[in-house]
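Since the structure is predicted, the reported quantities are computational estimates derived from the model, not experimental observations.
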Amino acid sequence: MTATICGSYDEALADTPDGATVLVGGFGMAGMPVELIDALIRQGATDLTVVSNNAGNGDTGLAALLVAGRVRKVVCSFPRQSDSYVFDELYRAGRIELEVVPQGNLAERMRAAGAGIGAFFSPTGVGTPLAEGKETRRIDGRDYVLEYPIKGDLALIKAHLADRMGNLVYRKTARNFGPVMATAAATVVAQVERVVPTGDLDPEAVVTPSIYVDRVVPAAHPEEASA
């Protein structure tokens, strides 16, 4: 499978529907696909469910999407940090829903979606409010809670390089949730620093194979990137 190399961030997100579940990569701002999020704001889709590790930092990236009033619900591990004032204000005003998911469970729920796993039992969250209303089971002397996959209509991720097929490599901690999100969404859009000719990436260094990637947007113009 070969990904489409898009000429702009806006082109890559032009068909995003209202009510979509959007997986957004990033650990704080590390690996946050800010330019794609800005394009999503311009595109205008609303009533979104956003799945990410955080609920926005400062005024940019995901926080800007929240300010624009496009998000109905946030599913994340760390909704509050020192600069999460945008989310804090919206949540306290009752203008946004929140589902807190422990970080390991968040990653595994998306991995399960990509692997076609119907559900799994996890020990994380047992005996806490996060397990309320969920099935629990004792397995081999330990209690577990049943967790279901998180599937996305769209995944927005940031990688370091792509080749013309859409194979991706990441840069250090910017890798974080990108690889697992790429397996869990119907449409995967990756913003990259540049696109290199097919064959230039070491196959052993490829983290996300092109079969998971639908669209790639290079920071450089596609014609320049392929030169």
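In this structure a side-chain-to-backbone donor-acceptor pair under 3.5 Å is missing from E193 to L161. Not a single donor-acceptor pair under 3.5 Å links the side chain of D163 to the backbone N or O of P197. At distances below 3.5 Å, not a single donor-acceptor pair connects side-chain atoms of D18 with backbone N or O atoms of D47. No donor-acceptor pair under 3.5 Å is formed between the side chain of R194 and the backbone N or O of A219. With hydrogens and angles disregarded, no donor-acceptor distance shorter than 3.5 Å links the side chain of N53 to the backbone of S77. Of the possible polar contacts, one joining the T128 side chain to the L130 backbone as a donor-acceptor pair under 3.5 Å is found.
Annotation for A184 and L23: closest pair CB-CD1, 3.9 Å, computed over non-hydrogen atoms. For the pair P33 and G25, the tightest heavy-atom approach, listed with the atom from each and the gap, is CD-O, 3.3 Å. Between L13 and L40 the shortest heavy-atom distance is CD1-N, 3.7 Å. The two residues A63 and G58 come nearest to each other via the heavy atoms CB-O, 3.1 Å. Smallest separation of non-hydrogen atoms from F177 and A107: CE2-CB, 4.0 Å. Between I41 and A68, the shortest heavy-atom contact is CG2-CB, 4.2 Å.
We find the NZ-NE2 distance between K172 and H160 to be 10.0 Å, quoted to the nearest 0.5 Å. Of the inter-residue distances, the one linking E147 atom CD with I117 atom CD1 reads 13.5 Å to the nearest 0.5 angstrom. Taken from CG in L66 to CG in L90, the straight-line distance is 6.0 Å, to the nearest 0.5 Å.
Within a 6.0 Å sphere centred on CD of E89, heavy atoms belonging to other residues, nucleotides or ligands number 12 at most.
In this view, R138 and D143 satisfy the salt bridge (Lys or Arg N to Asp or Glu O under 4.0 Å) rule, not counting sequence neighbours. With sequence neighbours left out, the side chain to side chain donor-acceptor pair (under 3.5 Å) criterion links R171 to no other residue. Looking at residues two or more places apart in sequence or on another chain, you find no side chain to side chain donor-acceptor pair (under 3.5 Å) involving S52. Partners of D15 under the side chain to side chain donor-acceptor pair (under 3.5 Å) rule, at least two apart in sequence or in another chain, are R215.
The hydrophobic cluster around I139 extends to F121, Y144, L146, Y148, counting ILVMFWY residues whose side-chain heavy atoms fall within less than 4.5 Å of a member. Grouping Ile, Leu, Val, Met, Phe, Trp and Tyr by side-chain contacts under 4.5 Å, direct or through others, leaves F120 on its own. Hydrophobic clustering, defined by side-chain heavy atoms of Ile, Leu, Val, Met, Phe, Trp and Tyr closer than 4.5 Å, groups V126 together with V145.
Looking at T49 and V22, their side chains never come closer than 4.5 Å, going by heavy atoms from C-beta outward. In this structure, N57 and L62 have side chains that are not in contact, with every pair of non-hydrogen atoms separated by 4.5 Å or more. The shortest distance between side-chain heavy atoms of T21 and V51 falls below 4.5 Å. D10 places none of its side-chain heavy atoms less than 4.5 Å from the side chain of Q43. Counting only heavy atoms from C-beta outward, the side chains of V50 and V75 never approach each other to under 4.5 Å.
Under the side-chain hydrogen bond (donor to acceptor under 3.5 Å, both in side chains) criterion, no residue pair touches residues 174-190, with sequence neighbours excluded. For residues 84-111, the pairs satisfying ring pair (Phe, Tyr, Trp, His ring centres under 6.0 Å) are F87-Y91, with sequence neighbours left out. Sorted by first and then second residue, the side-chain hydrogen bond (donor to acceptor under 3.5 Å, both in side chains) pairs with a member in residues 111-120 read E108-R111; sequence neighbours excluded.
A chain of hydrophobic side-chain contacts below 4.5 Å, direct or via other Ile, Leu, Val, Met, Phe, Trp or Tyr residues, connects V67 to M32. Placement of I157 and I5 within a single hydrophobic cluster is found when ILVMFWY residues are connected by side-chain heavy-atom separations under 4.5 Å, directly or transitively. Under the 4.5 Å side-chain heavy-atom criterion for Ile, Leu, Val, Met, Phe, Trp and Tyr, V74 and F78 are members of distinct hydrophobic clusters.
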Identify every side-chain donor-acceptor pair in residues 199-212 under 3.5 Å, counting partners at least two apart or on other chains, and give the distances.
{"unit_1": "D202", "atom_1": "OD1", "unit_2": "E204", "atom_2": "N", "d": "3.0"}
{"unit_1": "T208", "atom_1": "OG1", "unit_2": "Y170", "atom_2": "OH", "d": "2.7"}
{"unit_1": "S210", "atom_1": "OG", "unit_2": "M1", "atom_2": "O", "d": "2.9"}

Hey, can you pull the donor-acceptor pairs under 3.5 Å for the side chains in residues 92-101, sequence neighbours left out?
{"unit_1": "E97", "atom_1": "OE2", "unit_2": "R72", "atom_2": "NH1", "d": "3.1"}
{"unit_1": "E99", "atom_1": "OE1", "unit_2": "K73", "atom_2": "NZ", "d": "3.3"}
{"unit_1": "E99", "atom_1": "OE2", "unit_2": "R109", "atom_2": "NH1", "d": "3.2"}

Checking side chain to side chain contact (heavy atoms under 4.5 Å, CB included) for the pair V189/L36: CA distance, chi angles, key distance, verdict?
CA-CA 8 Å; V189 183; L36 283 175; 3.8 Å; yes
List the steps, then state whether salt bridge (charged side-chain N to carboxylate O under 4.0 Å, His left out) holds for E135 with R137.
CA-CA 7 Å; E135 179 183 344; R137 186 176 300 183; 3.0 Å; yes
Evaluate the side chain to side chain contact (heavy atoms under 4.5 Å, CB included) criterion for residues V192 and L168: first the C-alpha distance (whole Å), next the side-chain angles of each, then the deciding distance (0.1 Å), finally the verdict.
CA-CA 9 Å; V192 300; L168 305 179; 4.1 Å; yes
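Side-chain N/O atoms of N54 and Q81 include a donor and acceptor closer than 3.5 Å.
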